[in-house]
Student: 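Next up is a structure, given as structure tokens.
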Amino acid sequence: MGLVLVAFGASLAAGFHFDDYALLNDPVIRSAEGWRQVWRPEQTRPLTYFTFWLNYAAGGGRAAGYHAVNLALHLAAVLLLYGVLQRRLPAKAALAAAALFAIHPIQTEAVVYVYARATVLATLLCILALGEWLERRHGRATLWFAAALLAKEECAAFPVFLALLELSERRAVRPWKHLAAMAVMAVAAGVRVILVLREPASGAGAGSKFSPWEYLAAQGPAIWRYVRLLVIPWGFTVDPEIPALPVALAVLAWAGIATAAALALRRFWGAREGFWLVGGLVLLLPSSSVFPADDLAADRRMYLPLIALAPAAGLVAARLPSRYVAIAALPLLILTSGRVQVWQTEERLWAEAVQRAPQKVRPRLQLARVVDDQRSLALLEEAKRLAPDDPRVASELGARYLAMGRAAEALGEFGRALALVPGDASALNNRGAALLALGQREAARADFARALEADPCFEEARRNLAALGAPADVQNACRPEDRRFSEVRR
């Protein structure tokens, strides 16, 4: 417990980041009826969103409360994992594994990024399921896994992990029926997510800019990056540059992963390292295989796999003198505390990302939002040079010009964004805002109305129309089944 507080205690003073702001703007989270609305069928991760609703109900938009819950969940996961591993590993190995899970720098994003609570909560529930499974209480384990799926569908491979656990032991009777029930739930959760994440704004599934095969090709390098960060915990960034490899090199990267897994299988049985290494890879595959996402790599995706990879490392550490293991914990604490400091503010986080991925556009866009006007315009011009046809760059330039009172220049950039993505709700709404600033009320009204036609649940366009005296039936056209598109808007 003390190690966790030393490593992550400063997270209580951190602010919000990236998708965290979407939570504060989500009408369901802010609604008094939100506790019920988060469970509607089109809501992904309802259990996690219920905790966000509780956070907002208790403390509004104060970041400290959200970070306190994330930290408490991580601490609970550490304690539960230690309790589970004590039943499977030698005492020294269990302690080393729990300590590694508790304070490794790769855990920082999952713990400090509020929106990543889904990963931490799902992992905690999977640890509870694992504990019940080891006690042969398979029905309870199945229920805990069902709850984990409601927190985040990324844990869908957990039944495969349990099946490997069964195969690693020589038991006369195996609980295949419970494993089958878990597998059916996992498949159903996956299908549901695929159906919900159909809109381009979702950034995942059918809404990702990558095809499943493009994503798979990129995951070989991404997984090797995770391995490198686990062994040499330096070079972290919230937005890493994952190279687009030729097909031959992508195949080679995956061949290396398959070879490592095959070698691990030679030390598979019982509590040996091979089982845990293969189990960690299995737990990683739902987020790092063929289900695409715009983020090719994210450190938070290693949080769940680490419940298996940490025991593998713990078994190795148990063979070393205790003083060496204790000494190794100190640099991990220092590095993790440093990562938490980077996550304190948006400026630190995205300045680091710009430095470590100089050819990427998104870090510049994010950093431009939180710095002064002069630096912001310089960053956005750099982004425009890197990606002249990216509508996000035009939108950000327009927004900055509008905030500076330069409405004519903002109109030009918003018009460029709309030319790049005709009919996009955000681009229409932005151009309407610039037109309104220039005194062209009727033209602005038309753009706001078209934005609402494109996305009936676009709250900002609705508010803009209401300010111009739009009829009530236009203002209230959002249907519950349309809301998923707005939920994923960043």
Side-chain angles (χ1 to χ4, degrees), residues 38-51 77 80-81 84 117-169 171-198 202 204-208 212 215-216 219 261 268 275-276 278-293 301 303-308 481 484 487-488:
V38 296
W39 301 100
R40 64 193 187 280
E42 64 273 14
Q43 171 71 65
T44 61
R45 306 168 189 174
L47 182 58
T48 302
Y49 266 72
F50 178 67
T51 69
L80 286 169
L81 182 63
V84 168
R117 179 183 300 174
T119 296
V120 180
L121 181 56
T123 300
L124 186 153
L125 294 167
C126 283
I127 296 171
L128 286 168
L130 178 59
E132 296 290 357
W133 192 269
L134 292 176
E135 294 296 326
R136 316 307 291 170
R137 293 192 286 261
H138 304 118
R140 293 185 185 180
T142 303
L143 292 176
W144 283 122
F145 174 65
L149 286 173
L150 294 175
K152 192 174 186 182
E153 66 289 338
E154 197 173 89
C155 63
F158 187 70
V160 181
F161 173 78
L162 292 181
L164 291 174
L165 176 62
E166 289 297 313
L167 292 173
S168 73
E169 299 180 341
R171 296 183 183 277
V173 179
R174 300 188 188 278
W176 298 122
K177 290 183 178 179
H178 290 91
L179 285 172
M182 288 185 178
V184 169
M185 289 190 291
V187 170
V191 170
R192 177 174 172 272
V193 169
I194 291 172
L195 293 175
V196 170
L197 298 181
R198 297 195 302 267
S202 68
S208 172
Y215 189 74
L216 178 65
Q219 289 312 292
F268 180 84
F275 161 72
W276 297 104
V278 175
L281 177 60
V282 165
L283 293 173
L284 178 60
L285 287 180
S287 63
S288 297
S289 54
V290 297
F291 187 77
R301 293 173 187 162
Y303 191 86
L304 175 60
L306 214 61
I307 71 171
E481 60 268 29
R484 67 174 186 273
E487 286 167 355
V488 297

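The figures that follow rest on heavy atoms only: side chains count, while hydrogens, waters and symmetry mates do not. Computed from a predicted model, the values in this text were never measured in an experiment.
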Student: How far apart are the closest heavy atoms of R136 and P175, and which atoms are they?
Tutor: NH2-CD, 3.8 Å

Student: Does R137 have any salt bridge (charged side-chain N to carboxylate O under 4.0 Å, His left out) partners at least two apart in sequence or in another chain, and if so, which?
Tutor: E132

Student: Does P46 have any side chain to side chain contact (heavy atoms under 4.5 Å, CB included) partners at least two apart in sequence or in another chain, and if so, which?
Tutor: W39, Q43, L150

Student: On a heavy-atom basis, which atom in Y215 and which in S287 lie closest, and how many Å separate them?
Tutor: OH-O, 2.6 Å

Student: When rounded to the nearest 0.5 angstrom, what distance separates CG in L165 from CZ in F275?
Tutor: 4.5 Å

Student: Taking the side chain as C-beta and beyond, is there a heavy-atom pair between F158 and L283 under 4.5 Å?
Tutor: yes

Student: Looking at every non-hydrogen atom in both residues, tell me the closest pair between A261 and L281 and how far apart they are.
Tutor: CB-CD2, 4.0 Å

Student: Looking at L167 and F268, what are the two nearest heavy atoms and their distance?
Tutor: C-CE2, 4.2 Å

Student: Mind checking side chain to side chain contact (heavy atoms under 4.5 Å, CB included) for A157 and listing every partner two or more places apart, or none if nothing turns up?
Tutor: V282, P286

Student: Any heavy-atom pair between the side chains of V84 and I307 that's under 4.5 Å?
Tutor: no

Student: Grab the two heavy atoms, one from A189 and one from L149, that are nearest each other, plus how far apart they are.
Tutor: CB-CD2, 4.1 Å

Student: Sequence neighbours excluded, which residues qualify as ring-ring contact (aromatic ring centres under 6.0 Å, His included) partners of H138?
Tutor: W133, H178

Student: Verify side chain to side chain contact (heavy atoms under 4.5 Å, CB included) between L285 and V160, making sure each step is shown before the conclusion.
Tutor: CA-CA 11 Å; L285 287 180; V160 181; over 6 Å; no

Student: Roughly how far apart are K177 NZ and T142 OG1, rounded to 0.5 Å?
Tutor: 13.0 Å

Student: Given L162 and F145, is the side chain to side chain contact (heavy atoms under 4.5 Å, CB included) satisfied, shown in steps?
Tutor: CA-CA 11 Å; L162 292 181; F145 174 65; over 6 Å; no

Student: Show every salt bridge (Lys or Arg N to Asp or Glu O under 4.0 Å) that has at least one partner inside residues 144-153, sequence neighbours left out.
Tutor: R45-E153, K152-E154

Student: Output all residues satisfying side chain to side chain contact (heavy atoms under 4.5 Å, CB included) with L80, sequence neighbours left out; order by chain, then residue number.
Tutor: L124, I127, L128

Student: Where do C155 and T123 land on the side chain to side chain contact (heavy atoms under 4.5 Å, CB included) test, with the steps shown first?
Tutor: CA-CA 7 Å; C155 63; T123 300; over 6 Å; no

Student: Nearest 0.5 Å please: distance from the CG atom of L179 over to the CZ atom of F161.
Tutor: 12.0 Å

Student: Is a donor from one side chain sitting under 3.5 angstrom from an acceptor on the other, for T51 and R117?
Tutor: yes

Student: Give the minimum heavy-atom separation between A186 and A156, together with the two atoms involved.
Tutor: CB-O, 3.4 Å

